[in-house]
Amino acid sequence: MATGTEPPATDPQPRRTGVRTGTRAAIAAPHLRTDRWWPAPAATAAGLLAFVVYSTWRALSNADYYAAPYISPFYSPCLAENCEPMHGGPDWQLFGSWWGLSPAILILIFPLGFRLTCYYYRKAYYRSFWASPPACAVAEPHKKYSGETRFPLVLQNIHRYFFYAALLVAGVLTYDTVLAFRDEHHAWGHMGLGTLVFLVNIALIWAYTLSCHSCRHIVGGKLTHFSRHPVRYRMWQWVSRLNARHMQLAWASLVSVAVADLYVYLVASGAFDDPRFF
């Protein structure tokens, strides 16, 4: 019988926050996974970091980005007056002489914004750089979790608008690929190794762009009956097949755009001569 003299009951577990709150399962171990789960986020972090370092160097170098008929995808379209002259290329001088920085900064914000807000890339860098969480069934170290409801992560919701911009950029890069069927004297009907590099790159960029979740929703979203919209339904099926490979296409296109830029750099700097097939 309680007499009122007993000491108050104490919580055997200290009060914690985040995934260690009292409302969660009381598991003492950090996680129960027995496999080697950490190489995947580590490799993702290494790959993304390598691309960030390389693309930053190339974007800020403001040199060796055009070797007729090839233009680096990091600098296309070139929107500043300080761009190198390009015969028939995407050289649109919208920014005057007051722009003294690299013209790549003006255009890279759009494909970069598209990839940063991409659903797959969010998962990739949330896990690899922020450990949020580092892997499935592995608790994250953060005490609080607000998802994407607060600034700056709430800006991830503008992904669809970056998708529209990415379509325009992909269109310009397609134009650059067509121009790659010229020689260094701007004569048509020629093909070099760089042409193949550009063809592979633009194919992967289009595949990645169209496999986007926003594209899939735009094509087939808000439809109650697919049977009444057979064209959109077929398009939705095609985009859905691409969407199933969105992760692989994200990485493949990331590598291909870096390879295309590197190829132009090697040719423009004189380190490599573009082999011609015809």
Side-chain angles (χ1 to χ4, degrees), residues 17-19 24 30-31 33 35-56 59 73-74 104-105 107-170 173 201 204-222 236 239-258:
T17 57
V19 296
R24 306 293 292 270
H31 58 82
R33 293 187 61 168
D35 62 320
R36 295 169 60 88
W37 57 267
W38 57 268
T44 299
L48 292 177
L49 183 61
F51 180 82
V52 169
V53 172
Y54 172 80
S55 60
T56 301
F74 289 175
I105 299 176
I107 191 60
L108 281 182
I109 184 62
F110 299 108
L112 179 63
F114 178 59
R115 290 184 183 265
L116 279 177
T117 58
C118 166
Y119 292 117
Y120 165 69
Y121 280 114
R122 293 188 212 178
K123 168 191 170 183
Y125 63 79
Y126 284 2
R127 287 189 171 188
S128 58
F129 290 111
W130 298 346
S132 180
C136 292
V138 179
E140 61 178 74
H142 309 288
K143 294 182 178 180
K144 295 182 179 180
Y145 176 77
S146 59
E148 297 175 340
T149 61
R150 296 180 181 179
F151 183 85
L153 296 186
V154 69
L155 297 178
Q156 302 281 29
N157 294 318
I158 64 176
H159 176 60
R160 169 172 292 194
Y161 302 101
F162 276 119
F163 167 72
Y164 297 140
L167 288 178
L168 297 177
V169 173
L173 296 183
N201 179 54
L204 290 174
I205 285 180
W206 273 116
Y208 165 66
T209 303
L210 297 180
S211 69
C212 170
H213 294 74
S214 292
C215 179
R216 185 169 180 262
H217 177 74
I218 292 171
V219 170
K222 296 184 178 181
W236 178 82
V239 172
S240 295
R241 285 193 290 268
L242 283 177
N243 182 257
R245 300 289 185 268
H246 193 52
M247 179 185 73
Q248 293 88 338
L249 292 171
W251 279 105
S253 60
L254 194 72
V255 172
S256 71
V257 74

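Counting from 1, the numbers follow the sequence of the chain as shown. FYI, side chains are in, hydrogens and waters are out, and symmetry mates aren't considered; it's all heavy atoms of this structure.
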- Cationic tip of Arg245 within the cone over Tyr208's six-membered ring, i.e. under 6.0 Å and within 45° of the normal?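 Not flagged: Arg245 not positioned over aromatic ring of Tyr208.
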
- Message: With side-chain contact (heavy atoms from CB on, under 4.5 Å) as the criterion, how do Ile109 and Ile105 come out once you've worked through the C-alpha distance, each side chain's angles and the decisive distance to 0.1 Å?
- Response: CA-CA 7 Å; Ile109 184 62; Ile105 299 176; over 6 Å; no

- Decide ring pair (Phe, Tyr, Trp, His ring centres under 6.0 Å) for Tyr119 and His213; before the verdict, give the C-alpha distance in whole Å, the side-chain angles of both, and the deciding distance to 0.1 Å. CA-CA 7 Å; Tyr119 292 117; His213 294 74; 5.0 Å; yes

Got [X] and [Y] here, is their nearest side-chain heavy-atom distance under 4.5 Å?
| X | Y | answer |
| --- | --- | --- |
| Phe74 | Ser55 | yes |
| Arg216 | Ser211 | no |
| Cys118 | His159 | yes |
| Arg115 | Leu254 | yes |
| Pro133 | Val138 | no |
| Arg160 | Ile218 | yes |
| Thr209 | Leu167 | yes |

Between [X] and [Y], which heavy-atom pair has the shortest distance, and what is it?
| X | Y | value |
| --- | --- | --- |
| Ser128 | Ala124 | OG-O, 2.6 Å |
| Asn243 | Cys212 | ND2-C, 4.1 Å |
| Ala165 | Phe110 | CB-CD2, 3.8 Å |
| Leu116 | Tyr125 | O-OH, 2.6 Å |
| Phe163 | Cys215 | CZ-CB, 3.5 Å |

For [X], which residues count as a ring-ring contact (aromatic ring centres under 6.0 Å, His included) partner, sequence neighbours excluded?
| X | answer |
| --- | --- |
| His217 | none |
| Phe162 | none |
| Trp37 | His31 |
| Trp206 | none |

- Query: Can you name the side chain to side chain donor-acceptor pair (under 3.5 Å) partners of Arg33, sequence neighbours left out?
  - Reply: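 Asp35.
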
Pairwise distance [atom1]([X]) to [atom2]([Y]) - rounded to 0.5 angstrom:
| X | Y | atom1 | atom2 | value |
| --- | --- | --- | --- | --- |
| Ile205 | Ser253 | CD1 | OG | 6.5 Å |
| Ile107 | Leu112 | CD1 | CG | 11.5 Å |
| Gln248 | Leu204 | CD | CG | 12.0 Å |

- Query: OH of Tyr161: more than 12 outside heavy atoms within 6.0 angstrom?
  - Reply: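 Incorrect, the count does not exceed 12.
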
Donor-acceptor pairs are to be reported for all side-chain atoms of residues 40-54 against protein atoms at under 3.5 Å, with residues two or more places apart or in another chain.
{"from": "Thr44", "atom 1": "OG1", "to": "Ala40", "atom 2": "O", "distance (Å)": "3.0"}
{"from": "Tyr54", "atom 1": "OH", "to": "Asp261", "atom 2": "OD2", "distance (Å)": "2.5"}
{"from": "Tyr54", "atom 1": "OH", "to": "Leu262", "atom 2": "N", "distance (Å)": "3.2"}

- Message: Taking Gln156's backbone N and O only, do any of them form a donor-acceptor pair with Arg122's side chain (distance below 3.5 Å, no angle check)?
- Response: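 Checked: pair present.
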
- Message: Tell me if a side-chain donor or acceptor on Tyr120 pairs with a main-chain N or O of Leu249 at a distance below 3.5 Å.
- Response: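 Not confirmed, Tyr120 side chain does not pair with Leu249 backbone.
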
